[in-house]
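Encoded as structure tokens, the structure appears first; notes follow it.
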There are 2 protein chains.
Amino acid sequence: MYLRGVKELSLTRSEEDHIKAIHTLTRRDGRAATNAISERLSTKASSVTDMLKKLAEKRLLKHEPYYGAKLTLKGEAVALQLVRRHRLWETFLVDRLGFGWDEVHEVAEQMEHVASEKLVDKLEAYLGHPHFDPHGDPIPDKHGRIRQRKTKSLDSCGPGESVRIVAVSETTDGLLRLLDSKGLRIGTTLVVQEVHAFDGSMDVKPKSGSAFSLSKDVSDHLQVEPS
Amino acid sequence: MYLRGVKELSLTRSEEDHIKAIHTLTRRDGRAATNAISERLSTKASSVTDMLKKLAEKRLLKHEPYYGAKLTLKGEAVALQLVRRHRLWETFLVDRLGFGWDEVHEVAEQMEHVASEKLVDKLEAYLGHPHFDPHGDPIPDKHGRIRQRKTKSLDSCGPGESVRIVAVSETTDGLLRLLDSKGLRIGTTLVVQEVHAFDGSMDVKPKSGSAFSLSKDVSDHLQVEPS
DNA sequence: CACAATTATTAGACAAGGCTAAAAATATGT
DNA sequence: ACATATTTTTAGCCTTGTCTAATAATTGTG
């Protein structure tokens with residue numbers, strides 16, 4: 001995946017927001033439906049249709065009417081650039097400025113639109129070329145390459161397994177605050193105690209501290225690796 | 001000067017740009033003429049007239065047709081907030097990321113529009129509550145207060161005077177690069193050798209290094225204090 | 001002081017990006 | 001399979017911020 005040939009491109013904030021939404025939805029659902037995009041951006045579906053037409057003309061995506069949008073290589077490169085900027089700024093906000101990991105999203109959302117390749121590269125170097133952001137998500141490098149981790153959902157673990165939390169998917173503020181209140185964060189190690197079949201909830205015990213219960217909604221979104 | 005009562009206010013980028021331009025021009029020329037504003041923003045005078053009308057309705061400035069614009073207290077507070085953000089980001093870019101002081105303006109111009117009071121306050125603390133930016137310009141504090149320095153223009157100095165450069169006014173990229181190439185920067189100490197009456201140029205000698213000549217255009221924009 | 005030059009405003013157009021309401025295409029349930 | 005529900009698109013309108021061209025006010029000059 002190359003980020004080259006994207007420099008001369010100058011996109012509006014709205015165009016960038018659409019591209020990033022499509023990228024995220026495609027990663028999550030396998031496709032990006034018009035309604036899903038509009039919901040993510042708090043706009044109406046008709047506005048999204050217009051924008052899809054426009055971005056298709058700019059060769060940033062393919063738009064199959066009534067099916068959805070698929071980013072071209074060029075569009076994917078733009079999206080990765082945005083993800084890169086977003087996650088680097090989140091890292092800066094948490095590691096350097098002392099923000100909580102649950103309060104950085106909105107600010108990073110603004111900072112990711114500051115367009116300066118030099119800025120992003122220098123920021124990355126200043127932060128020590130991190131490969132993962134404070135939520136555990138991978139930070140694409142200058143060329144769009146992503147370091148993969150072989151993780152699974154906590155949900156899929158059985159009793160006795162000892163795992164370390166490495167990422168939180170679907171990072172809504174509500175979920176992040178809930179985790180914070182239970183003392184769960186990136187790096188926390190847990191042992192699964194018991195899984196309750198009827199509602200999918202599970203009892204877990206942190207290395208230090210006493211056991212408690214997590215609903216399936218929560219364990220679903222915790223990405224873990226063996227520990 | 002209070003920055004309170006400005007929080008609930010949400011301005012577009014263009015509105016903010018106009019307010020800042022008016023603030024800067026008023027500081028420099030004593031007034032902000034329509035043409036001067038449009039030149040600064042690379043737009044046309046008619047566009048500025050429209051915007052002045054709009055901002056006057058929002059009580060951010062007084063617009064006397066055919067005279068110009070004058071910021072209200074509320075408008076001044078917004079402007080100071082923007083100046084604060086701009087200079088803090090410039091300081092970050094130079095001191096932390098290692099940018100040259102002549103390449104930060106454009107990027108800071110984008111970053112100053114990121115709206116988060118918490119971000120700005122934390123950034124200020126991270127930088128050690130600086131009172132002056134890399135160009136020597138004062139950074140307004142949270143409440144809009146500016147630390148003044150009793151400086152004069154190098155232009156106004158006579159032979160034998162020993163002075164330290166503390167600021168550069170009218171910071172165009174061209175001027176900044178010229179200074180850089182002569183080894184002149186904030187903190188440099190000089191002794192005035194001779195002033196030539198016919199063109200206002202002056203010979204100066206840095207503490208370390210040999211003497212050279214500066215045109216009036218340059219010495220005009222160097223702010224110095226006795227050393 | 002009168003008239004030219006400059007500066008500012010008004011009037012009307014346009015592109016971007018959003019909206020609502022209605023129509024068209026696709027998906028679903030019995 | 002056919003009627004209904006859902007999703008997407010189209011059509012037309014609105015606001016913001018810009019422009020050009022024409023007009024009006026102010027300033028400068030012989």
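Within every chain, numbering begins at 1; the chains are lettered A, B, ... in the order of the sequence lines, protein sequences first and strands thereafter. The analysis underlying the following values was restricted to heavy atoms, covering all of them including side chains, and did not include hydrogens, waters or symmetry mates.
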Results of side chain to side chain contact (heavy atoms under 4.5 Å, CB included) for Ser38(A) - residues two or more places apart only: Asn35(A), Thr43(A), Ala45(A), Val48(A)
Glu64(B)/Arg31(B) under salt bridge (Lys or Arg N to Asp or Glu O under 4.0 Å): CA gap, chis, key distance, verdict: CA-CA 12 Å; Glu64(B) 312 242 355; Arg31(B) 59 182 234 118; over 6 Å; no
Glu39(B) CD - dT18(D) C1' separation (whole Å): 18 Å
Listed by chain and number, what are the side-chain hydrogen bond (donor to acceptor under 3.5 Å, both in side chains) partners of Gln110(A), not counting sequence neighbours? none
Whole-Å distance, Glu16(A) CD to dA16(C) P, equals 16 Å
5' priority, DNA chain C, between Pro65(A) and Thr12(A) [closest heavy atom]: Thr12(A)
If you measure from the Lys or Arg side-chain nitrogens to the Asp or Glu carboxylate oxygens, is any gap between Glu112(B) and Arg84(B) under 4.0 Å? no
Phosphate OP1/OP2 of dT8(D) contacted by Asn35(A) side-chain N/O (<4.0 Å): yes
Rounded to the Å, how far apart are Tyr67(B) OH and dT6(C) C1'? 17 Å
Quick one about Asp217(B) and Ser215(B) (side-chain donor to acceptor, distance below 3.5 Å, no hydrogens or angles considered), yes or no? no
What orientation do Phe92(A) and Phe92(B) show, parallel under 30°, tilted 30 to 60°, or perpendicular over 60°? tilted
Picking from dT9(C), dA8(C), dT9(D), the nucleotide nearest the side-chain atoms of Ala33(B) would be dA8(C)
note: Ile37(B), atom CD1; dG17(D), atom P; distance rounded to Å ~ 15 Å
Ring of Tyr126(A), cation from Arg96(B) - is the NZ or CZ under 6.0 Å from the centre and inside 45° of the axis? no
Who passes side chain to side chain contact (heavy atoms under 4.5 Å, CB included) against Arg87(B), sequence neighbours left out? Val83(B), Asp133(B), Asp137(B), Pro138(B), Ile139(B)
Sorted by chain and residue number, the salt bridge (Lys or Arg N to Asp or Glu O under 4.0 Å) partners of Lys216(A) (sequence neighbours excluded) come out as Asp155(A), Asp220(A)
Distance check needed: dA5(D) P versus Tyr66(A) OH, whole Å only. 18 Å
Rounded to the Å, how far apart are Lys53(B) NZ and dT18(D) C1'? 14 Å
The dot-bracket string of DNA chain D, counting Watson-Crick and G-U wobble pairs with both distances under 3.5 Å, using [ ] for crossing pairs and | for pairs to another strand, is ||||||||||||||||||||||||||||||
Just the rounded figure in Å: distance from C1' of dA16(C) to CZ of Arg13(A). 16 Å
Contact list (N/O, under 3.5 angstrom) for nucleotides 18-20 of chain C vs protein:
unit_1, atom_1, unit_2, atom_2, d
dG18(C), OP1, Ser14(A), OG, 3.2
dG18(C), OP2, Ser14(A), OG, 3.1
dC19(C), OP2, Lys44(A), N, 2.9
dC19(C), OP2, Ser47(A), OG, 2.6
dT20(C), O4, Ser46(A), OG, 2.8

Looking at His63(A), does any N or O in its side chain come under 4.0 Å of the phosphate oxygens OP1/OP2 on dT9(D)? yes
Separation of dG17(D) P from Leu52(B) CG (nearest whole Å): 13 Å
